[in-house]
Amino acid sequence: MNMVAKLNNDITPDGSEYETVRQVIELITEDYRDQPSLETIAARLKQSPTQLQKIFTRWAGLSPKAFLQAVTLDHAKRLLREESMPLLETSIEVGLSGPSRLHDLFVTHEAMSPGEWKSKGGGLTIRYGFHPSPFGLALVMATDRGLAGLAFSDLGDEVACLEDMTCRWPNATYVRDIEATAPYAELIFQPGRWTSDQPLRIVLIGTDFQVEVWESLLKIPFGRAVTYSDIANDIGRPKAMRAVGAAVGANPISFVVPCHRAVGKGGALTGYHWGLTRKRAILGWEAAHT
């Protein structure tokens with residue numbers, strides 16, 4: 001069964017082109033100290049330099065070299081230094097629709113009650129569909145109250161990705177409904193449609209502690225980063241960094257609830273549930289759109 005939708009607008013390179021982007025990201029990350037040239041990268045991937053440059057620039061809006069600069073440790077450190085106030089205090093003051101979020105996706109959210117969480121999805125109908133995205137296939141999951149899940153998969157791994165998400169709410173009823181989930185995918189991955197007049201509704205399904213952490217993540221503006229200790233301080237639990245890290249890793253609405261903007265002490269890019277290469281891809285894509 002083909003679970004991949006075709007959107008009205010092309011929002012990701014076709015087929016092998018995304019695979020090329022992924023391979024470039026992995027190569028320039030692994031060989032960062034050697035500063036590989038475009039010609040070297042193209043030779044390794046058995047492509048012409050001109051074609052490779054076109055593919056990558058169309059996807060990221062950046063050349064491979066500029067992208068590399070956007071995901072280095074030094075860049076992450078600069079993002080951290082730009083936060084002169086405790087975890088986006090300025091953003092809190094102006095609100096999520098304020099000027100500090102000019103380039104960001106506007107989100108309105110609600111959390112399910114503890115009882116609903118304890119039922120592990122019992123009584124919930126969750127509609128889902130796989131859609132193309134700039135970061136591979138996106139599994140979009142929605143309830144009648146809004147977006148509940150967003151995950152990423154490579155071609156061929158759709159079943160494992162779906163199982164990963166459905167086991168979080170095992171008692172829910174799941175309905176494959178690409179028509180219902182397509183509008184979410186189109187809004188999420190098209191920055192030109194990010195306006196306060198069209199906010200994205202999301203619903204957070206987790207423990208009280210997890211929801212606190214995810215709400216803290218929602219305060220991080222586009223093109224910025226914070227550490228896990230920053231998040232722990234923001235929710236008033238400065239000694240709970242390990243638990244915060246676990247909650248960040250359990251975030252069910254990737255990209256929208258920007259767990260990719262959480263980094264280790266000193267700006268180190270730590271793990272990401274959907275792969276560290278994808279985390280670098282998202283951060284680089286955001287740098288290109290800032």
Side-chain angles (χ1 to χ4, degrees), residues 4 7 9-80 82 103 130-139 151-158 160-161 185 188-192 222-225 254-255 258-264 266-290:
V4 182
L7 298 184
N9 298 303
D10 181 24
I11 58 175
T12 190
D14 292 331
S16 61
E17 289 195 357
Y18 175 74
E19 178 64 16
T20 297
V21 169
R22 184 187 65 78
Q23 290 177 352
V24 171
I25 293 170
E26 289 184 346
L27 195 154
I28 62 181
T29 300
E30 292 170 359
D31 296 345
Y32 165 62
R33 294 185 183 279
D34 295 333
Q35 293 289 302
S37 66
L38 177 64
E39 290 72 21
T40 299
I41 295 171
R44 290 274 295 274
L45 299 184
K46 298 181 179 179
Q47 297 203 26
S48 75
T50 301
Q51 181 64 16
L52 183 62
Q53 178 91 351
K54 286 181 178 179
I55 291 173
F56 204 88
T57 303
R58 179 167 61 245
W59 175 82
L62 295 170
S63 67
K65 183 177 180 179
F67 180 89
L68 175 60
Q69 294 170 346
V71 296
T72 61
L73 179 59
D74 286 344
H75 177 72
K77 288 180 177 178
R78 284 196 299 273
L79 294 182
L80 292 173
E82 287 175 3
H103 302 285
F130 282 89
H131 302 272
S133 87
F135 317 113
L137 294 175
L139 171 58
F152 295 106
S153 170
D154 294 322
L155 285 171
D157 294 335
E158 297 93 327
C161 179
I188 291 166
F189 299 115
Q190 293 187 48
F222 203 89
R224 298 289 184 89
S254 297
F255 186 73
C259 53
H260 58 278
R261 298 177 195 160
V263 298
L269 294 185
T270 51
Y272 186 62
H273 190 79
W274 307 111
L276 193 54
T277 294
R278 188 167 274 113
K279 181 172 184 172
R280 291 190 175 98
I282 295 173
L283 289 171
W285 185 87
E286 288 189 342
H289 288 83
T290 299

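When reading the values below, keep in mind they use all heavy atoms of this one structure, side chains included, and skip hydrogens, waters and symmetry mates.
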Give, for atom CG of Leu52 and atom NZ of Lys46, the distance between the pair rounded to the nearest 0.5 Å.
15.0 Å
Please give me the minimum heavy-atom distance between Phe56 and Val24, naming the atom from each residue.
CE1-CG1, 3.5 Å
Mind checking side-chain hydrogen bond (donor to acceptor under 3.5 Å, both in side chains) for Thr40 and listing every partner two or more places apart, or none if nothing turns up?
Ser37
Do you know the tightest heavy-atom contact between Gly136 and Arg278?
CA-NH2, 4.4 Å
Rounded to the nearest 0.5 Å, how far apart are CG of Asp157 and CZ of Phe152?
14.5 Å
Would you say Arg22's side chain and Thr277's backbone share a donor-acceptor pair under 3.5 angstrom?
no
Which atoms form the tightest heavy-atom contact between Ser133 and Ala138, and what is the distance?
CB-CB, 3.9 Å
With rounding to the nearest 0.5 angstrom, report the CD to CD1 distance, Gln23 to Ile41.
12.0 Å
For Gln53, check side-chain hydrogen bond (donor to acceptor under 3.5 Å, both in side chains) against everything at least two apart and list the hits.
none
Heavy-atom closest contact (Leu155 atom, Leu137 atom, distance)
CD2-CD1, 3.6 Å
Less than 4.5 Å apart, any side-chain heavy atom of Cys259 and any of Tyr272?
yes
Look at the aromatic rings of Phe255 and His260 and report parallel, tilted or perpendicular, splitting at 30° and 60°.
parallel
Residues two or more places apart in sequence or in another chain: which of them pass side-chain contact (heavy atoms from CB on, under 4.5 Å) with Ala151?
Leu139, Cys161, Met165, Trp274
